[in-house]
Colleague: 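First the structure, which I've put down as structure tokens, then a few questions once you've had a look.
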Amino acid sequence: MALSDFVSQLDQLIADAKNAFEEVGDIASLEETRVEFLGAKNGRLKAAQKLMGTVDKADKPTAGKKFNEVKQTIEAAFQSKKELLGDPAAAKKSGATFDPTLPGVKFRLGRLHPITQTIEELKDIMGRLGFSVADGPEIEDDWHNFEALNIPHEHPARDPLDNFYLGTANANTGGDKPLLLRSQTSTVQIRVMESTPPPIRIISLGRVYRPDTADATHYPMFHQMEGLLIDRSVTMADLKSVLRLFAVSYLGGDVSIRFRPSFFPFTEPSVEADYFWNDTWVEFGGAGMVDPNVLRAVGYDPEEVTGFAFGLGVERLCMRRHGITDIREFYKNDVRFLEQF
Ligand code: FA5
């Protein structure tokens, strides 16, 4: 074959290939066009390569050079179209459409931790019973964690083995009084009463810290829900009704409440509250009528107002409802556990 014929065939091939890749509008027809021109077995470029064998020997170098140029041009036309179709914005411009039959991209959605979900639900239930939400700091001082709660200096509840002490407050914040991670949410009772005149009807939910060894039912950091109601003529019967209504809403079904005598320095009388659900009695938490000494410490008149308070373990409530047998599961960060909620 004469060199001039070979060259004009290659020119035609380039023109056809450019047109064809130009017109391609989606990935499927791009592939068809690629096979037509660049296919390793029956592609038109392959056919042109075979023709090169028939060019006169003296013209072979020129023919080979021309062939390589053509090959590169066609491959470049294919590549640039491929990139265009791979970019969704570019694909849209070029007329490519969304293919609903392709499998979608699955996003892993996060979710709220089960304890956060429980806290939101408890706020909701207590909100319907008329309790608003109060907050307090996790680093507390001696006054709010002990003194105002009627826990005197020599009281065993102050033992360093039972509390996470952080050092002492400096002169600006109260001399050499110790600071600690709060061991109970009862501290918020004091903060609310100090800043608000009665009547009061609040709950406070948050983290508390105790140097307890972690086991199936204990963790050194856990959450409590504190409740406080102060008004005229509040009685233990009111406390029992609120706890029962709360338990019925949270656990559902028929729940009974019982009180066992107990002792807390800040309530008198004090009780351990238990609930009966699914054939067993379970400890709810501590509760009682607010001690007159506490009312006096915050400037209330115990002759005028009375009130009740309670403190419940949030993890234990959540465990009970969902049949979780080990509190440590909440804090292992094992997604297989957490994604069940
Ligand atoms: C108190 O903390 C009192 N402040 C409760 C209170 C409030 C009494 C108001 C009177 C008036 P207690 O130490 O029993 O009480 O703790 C209450 C609940 O916290 C327990 O019933 C239990 O459910 C939970 N709890 C206690 N220690 C742990 C722990 N290490 N891990 C998980 N939950 C705990």
Side-chain angles (χ1 to χ4, degrees), residues 114-115 118-119 122 126 131 134 136 138 140 144-146 148-151 155-159 161-164 180-193 200-230 234 236 238-240 242-243 246-247 250 257-275 281-295 306-321 324-331:
I115 293 302
T118 307
I119 287 175
L122 301 187
M126 294 307 289
F131 287 76
E138 289 179 25
E140 266 300 2
H144 293 96
N145 204 82
F146 299 126
L149 285 168
N150 203 27
I151 304 175
H155 197 282
R158 292 175 175 252
D159 195 322
L161 292 176
D162 292 332
N163 296 282
F164 286 112
L180 72 162
L181 293 176
R182 68 180 177 189
S183 56
Q184 49 187 351
T185 43
S186 300
T187 53
V188 186
Q189 289 183 32
I190 304 301
R191 291 189 173 273
V192 171
M193 288 191 283
I200 283 177
R201 194 185 271 235
I202 59 104
I203 50 162
S204 185
L205 283 133
R207 296 190 190 99
V208 301
Y209 303 84
R210 296 180 188 177
D212 290 345
T213 305
D215 62 19
T217 52
H218 293 83
Y219 210 71
M221 183 285 300
F222 60 99
H223 295 73
Q224 285 190 335
M225 174 169 79
E226 192 79 10
L228 174 70
L229 188 147
I230 307 276
V234 179
M236 293 279 275
D238 299 316
L239 169 62
K240 209 166 196 172
V242 166
L243 287 179
F246 164 73
Y250 183 65
I257 299 287
R258 85 176 169 197
F259 285 166
R260 284 178 290 122
S262 185
F263 174 79
F264 295 100
F266 34 92
T267 45
E268 181 56 39
S270 301
V271 296
E272 287 293 340
D274 300 334
Y275 59 90
W281 285 105
V282 183
E283 184 186 305
F284 222 157
M289 301 305 290
V290 179
D291 193 293
N293 285 343
V294 174
L295 295 175
T306 51
F308 66 72
F310 57 84
L312 317 178
V314 175
E315 278 81 356
R316 300 229 187 129
L317 274 173
C318 177
M319 286 166 74
R320 181 83 183 118
R321 180 155 115 184
I324 298 162
T325 49
D326 194 326
I327 194 172
R328 290 167 291 196
E329 294 293 345
F330 289 122
Y331 302 112

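Each ligand, and each atom within it, is numbered from 1 in the order the structure gives. Treat the numbers as computed from the prediction; the structure is a model and nothing was measured.
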Colleague: Before accepting this row, confirm whether a basic side-chain N of the pair Glu272/Arg258 lies closer than 4.0 Å to the acidic partner's carboxylate O.
Modeller: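 Looking at Glu272 and Arg258, the cut-off is not met.
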Colleague: Name the closest protein heavy atom to atom 16 (O) of ligand 1, giving the residue it belongs to and the distance to 0.1 Å.
Modeller: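 Among all protein heavy atoms, the one nearest atom 16 (O) of ligand 1 is Gln224 NE2, 3.4 Å.
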Colleague: Short N/O distance, under 3.5 Å, between Glu226 and ligand 1?
Modeller: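 N/O-N/O distance below 3.5 Å does not exist for this pair.
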Colleague: Judged on heavy-atom distance to atom 15 (O) of ligand 1, which of Phe264, Tyr219, Phe310 sits nearest?
Modeller: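 It is Phe264 whose heavy atom sits nearest to atom 15 (O) of ligand 1.
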Colleague: Quick one: look up the protein heavy atom nearest atom 25 (N) of ligand 1 and list residue, atom name and how far away it is.
Modeller: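 Result for atom 25 (N) of ligand 1: Phe222 CE1, 3.3 Å.
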Colleague: Only one of Arg182, Arg191, Arg207 passes salt bridge (charged side-chain N to carboxylate O under 4.0 Å, His left out) with Glu140; say which it is.
Modeller: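 The residue from Arg182, Arg191, Arg207 that satisfies salt bridge (charged side-chain N to carboxylate O under 4.0 Å, His left out) with Glu140 turns out to be Arg191.
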Colleague: Quick check on Thr217 - does any of its heavy atoms sit under 4.0 Å from an atom of ligand 1?
Modeller: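 Yes, Thr217 has heavy atoms under 4.0 Å from ligand 1.
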Colleague: Which of these, Ser270, Gly286, Gly285, has its nearest heavy atom closest to atom 6 (C) of ligand 1?
Modeller: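 Residue with the shortest heavy-atom distance to the ligand atom: Gly286.
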Colleague: What heavy-atom pair brings Ile327 and Asp215 nearest, and what distance separates the two atoms?
Modeller: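 The answer is CG2-O, 3.2 Å.
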Colleague: With a 4.0 Å cut-off on heavy atoms, does Phe266 reach ligand 1?
Modeller: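 Judged by the 4.0 Å heavy-atom criterion, Phe266 does count as contacting ligand 1.
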Colleague: Among all protein heavy atoms in this structure, tell me which lies nearest to atom 30 (N) of ligand 1, with the distance rounded to 0.1 Å.
Modeller: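 The closest heavy atom on the protein side is Asp212 OD2, 2.7 Å.
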Colleague: Which option, Gln189, Met221, Arg210, owns the non-hydrogen atom nearest atom 13 (O) of ligand 1?
Modeller: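 Closest candidate by heavy-atom distance is Arg210.
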Colleague: If I compare all heavy atoms of Glu226 with all of Gly311, which pair ends up nearest, and what's the gap?
Modeller: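 For Glu226 and Gly311, the tightest heavy-atom pair comes out as OE1-CA, 3.8 Å.
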Colleague: Distance under 4.0 Å to a non-hydrogen atom of His218: what atoms of ligand 1 satisfy this?
Modeller: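 Taking each heavy atom of His218 in turn, ligand 1 has 29 (C), 30 (N), 31 (N) under 4.0 Å.
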Colleague: Starting from atom 3 (C) of ligand 1, find the nearest protein heavy-atom neighbour and note its residue, name and distance.
Modeller: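 Ranked first by proximity to atom 3 (C) of ligand 1 is Gln184 OE1, 3.6 Å.
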Colleague: Counting heavy atoms only, which part of Ser186 comes closer than 4.0 Å to ligand 1: side chain, backbone, both or neither?
Modeller: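 Side chain only.
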Colleague: May I ask you to identify the nearest protein heavy atom to atom 7 (C) of ligand 1, giving residue, atom name and distance to one decimal place in Å?
Modeller: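 Result: Gly311 N, 3.2 Å.
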Colleague: Within the distance-only criterion (no hydrogens, no angle test), does the side chain of Arg316 pair as donor or acceptor with the backbone N or O of Thr217 below 3.5 angstrom?
Modeller: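 Confirmed, Arg316 side chain pairs with Thr217 backbone.
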Colleague: Classify the ring geometry between Phe308 and Phe131 as parallel (under 30°), tilted (30 to 60°) or perpendicular (over 60°).
Modeller: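 Judged by the thresholds at 30° and 60°, the geometry between Phe308 and Phe131 is tilted.
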Colleague: Is the closest basic N to carboxylate O distance between Arg260 and Asp274 below 4.0 Å?
Modeller: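 Yes, this pair counts.
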Colleague: So, does Glu283 sit close enough to ligand 1 that a heavy atom of it is under 4.0 Å from the ligand?
Modeller: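 Flag set, Glu283 near ligand 1.
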Colleague: Thinking salt bridges, do Arg328 and Asp326 make one under a 4.0 Å N-O criterion?
Modeller: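 Salt bridge flag = yes for Asp326 with Arg328.
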Colleague: Do we see a donor-acceptor contact under 3.5 Å between the side chains of Glu283 and Tyr275?
Modeller: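 Short answer, no.
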Colleague: Say whether Thr267, considering both its backbone and side-chain N or O atoms, lies within less than 3.5 Å of an N or O atom on ligand 1.
Modeller: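 No; every N/O pair is 3.5 Å or more apart.
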Colleague: Counting non-hydrogen protein atoms only, what is the nearest one to atom 18 (C) of ligand 1? Give residue, atom name and distance.
Modeller: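 Result: Gly313 N, 3.7 Å.
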Colleague: Atoms of ligand 1 less than 4.0 Å from Ile327 heavy atoms?
Modeller: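 Close to Ile327: 32 (C).
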Colleague: What residue and atom, counting heavy atoms only, is the protein's closest point to atom 22 (C) of ligand 1, and at what distance?
Modeller: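 Of the protein heavy atoms, Arg316 NH1, 3.4 Å lies nearest.
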Colleague: Do the non-hydrogen side-chain atoms of Leu295 and Ile230 ever get within less than 4.5 Å of each other?
Modeller: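 When only atoms from C-beta onward are counted, Ile230 and Leu295 do touch, with a gap below 4.5 Å.
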Colleague: For the residue pair Arg210 and Phe222, would you count it as a cation-pi contact if the rule is NZ or CZ under 6.0 angstrom from the ring centre and within 45 degrees of the ring axis?
Modeller: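 No, Arg210 and Phe222 do not form such a contact.
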